[in-house]
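A short worksheet on the structure shown next.
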Amino acid sequence: MEISTTSHGDTTVIAVGGRVDTETAPQLEAHILELIAGGRLRIVIDLGALDYMGSTGLRALLVAGKRLKAQGGRLLLAAPRELVRQVLLISGFSGMFETCATTEEALARAKAEG
Amino acid sequence: MTVSLSVTFANDQSAVEKLSRLVEAFGDVHHLPQQAIFSVNLALEEVVTNIIRYAYNDNGLPHPIVVRLAFEEGVLAAQVEDDGRAFNPLDAPSPDIGASLEERPVGGLGIHLVRSMMDSVEYRRDDGRNVFIMKKRL
């Protein structure tokens, strides 16, 4: 798994590549929670380079999403590839988190409202 | 004619990624659809991870887990067999996928994915072994 994090004003984009599975998901979760603890409350997860995500990855997103929501923040997902998109759909996650086709769109949405 | 692959590994989490690569190779060699291989891999990760976590309580002694993949007459089947305590992954509760973010419990996602991405799942206890079979029609 590769993680690359960039700031765009108040919004942070975390680009995740490779595999998010039982071994790597805890690292991703810890990274996002650390950002939230540091006051980064608008987060876009760019899934464009993600080959695989299982339930531990979903769990990491869920934990991060709940933490953000509790602090008045927002979590958006961007650019999932076909197979990951299906996992998000089946799990109900695409209904729970705003999911955009591109990171640019997600950034625009993240900045848009309150 | 059935084409198949049998893999035996120890109950260690690092085996999951190796298994995943073998399953992908099997799929490549037999020109199986990417979607099906992804689904089977995801389901195998869930099942094998649960077995490693919950089926043993002897302080990390090694145990063999056997995964057998078979493709015959348009059906891809994956069987996982272990010698741990009686443990059925199907018993885990299903999540409410319509629930909002606040209501959604954190656990149960893995089994929901297995049930959704595979066409059939079956568990039996056979002479001191757990046998879990998942099938997907391609």
Side-chain angles (χ1 to χ4, degrees), chain A residues 1-2 17-29 32-33 36 41 43 45 47 50-77 80-99, chain B residues 11-21 23-24 27-28 32-54 65 89 92-119 134 136:
Chain A
M1 177 181 70
E2 301 90 40
R19 276 177 73 92
V20 176
D21 58 19
T22 309
E23 288 197 295
T24 57
Q27 223 181 301
L28 175 62
E29 186 179 315
I32 304 175
L33 294 182
I36 297 170
L41 299 184
I43 297 181
I45 315 266
L47 304 170
L50 192 64
D51 296 320
Y52 172 93
M53 180 161 64
S55 73
T56 46
L58 294 177
R59 188 189 173 278
L61 293 180
L62 189 60
V63 168
K66 287 187 176 210
R67 184 77 58 91
L68 271 173
K69 189 143 190 189
Q71 299 189 29
R74 288 172 71 200
L75 182 69
L76 294 90
L77 306 178
R81 289 200 213 146
E82 177 61 25
L83 300 170
V84 172
R85 205 172 54 77
Q86 294 209 16
V87 171
L88 293 172
L89 191 65
I90 288 170
S91 61
F93 272 52
S94 41
M96 222 166 33
F97 295 116
E98 227 174 320
T99 307
Chain B
N11 54 326
D12 184 83
Q13 194 58 43
S14 64
V16 173
E17 202 234 328
K18 293 173 192 168
L19 174 65
S20 186
R21 282 191 269 144
V23 170
E24 276 167 26
D28 275 343
L32 303 182
Q34 226 198 347
Q35 162 72 70
I37 294 301
F38 185 93
S39 299
V40 167
N41 259 333
L42 194 142
L44 280 171
E45 185 196 358
E46 300 307 327
V47 172
V48 172
T49 298
N50 282 355
I51 291 169
I52 291 170
R53 273 194 191 141
Y54 304 120
I65 298 176
S94 280
D96 172 6
I97 65 168
S100 67
L101 190 50
E102 294 90 348
E103 295 160 15
R104 195 64 189 272
V106 176
L109 285 169
I111 293 305
H112 171 67
L113 287 178
V114 173
R115 285 189 172 128
S116 305
M117 298 186 92
M118 302 304 289
D119 294 331
M134 321 183 268
K136 190 166 183 72

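Order of the sequence lines fixes the chain letters, A, B, ..., with proteins taken first and strands second; residue numbering starts at 1 for each chain.
Ranked by heavy-atom pairs under 4.5 Å with chain B, the list A:Asp21, A:Val87, A:Thr56, A:Thr22 is led by A:Thr22.
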Report task. Kindly indicate, with the supporting measurements, whether the criterion salt bridge (charged side-chain N to carboxylate O under 4.0 Å, His left out) is fulfilled by A:Arg85 and A:Glu82. Result -> CA-CA 5 Å; A:Arg85 205 172 54 77; A:Glu82 177 61 25; 2.9 Å; yes
Apply side chain to side chain contact (heavy atoms under 4.5 Å, CB included) to residues B:Ile111 and B:Arg115 and explain how you reach the verdict.
CA-CA 6 Å; B:Ile111 293 305; B:Arg115 285 189 172 128; 3.7 Å; yes
Which is it for B:Asp12 and B:Ile52 under the side chain to side chain contact (heavy atoms under 4.5 Å, CB included) test, yes or no, and what are the steps along the way? CA-CA 7 Å; B:Asp12 184 83; B:Ile52 291 170; 5.7 Å; no
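With a 4.5 Å cut-off on non-hydrogen atoms, B:Ser14 touches chain A through its backbone and its side chain both. Residue B:Glu46 touches chain A through its side chain alone, counting heavy-atom pairs closer than 4.5 Å.
Heavy atoms from other residues, nucleotides or ligands lying under 6.0 Å from CD of A:Gln71 number more than 12.
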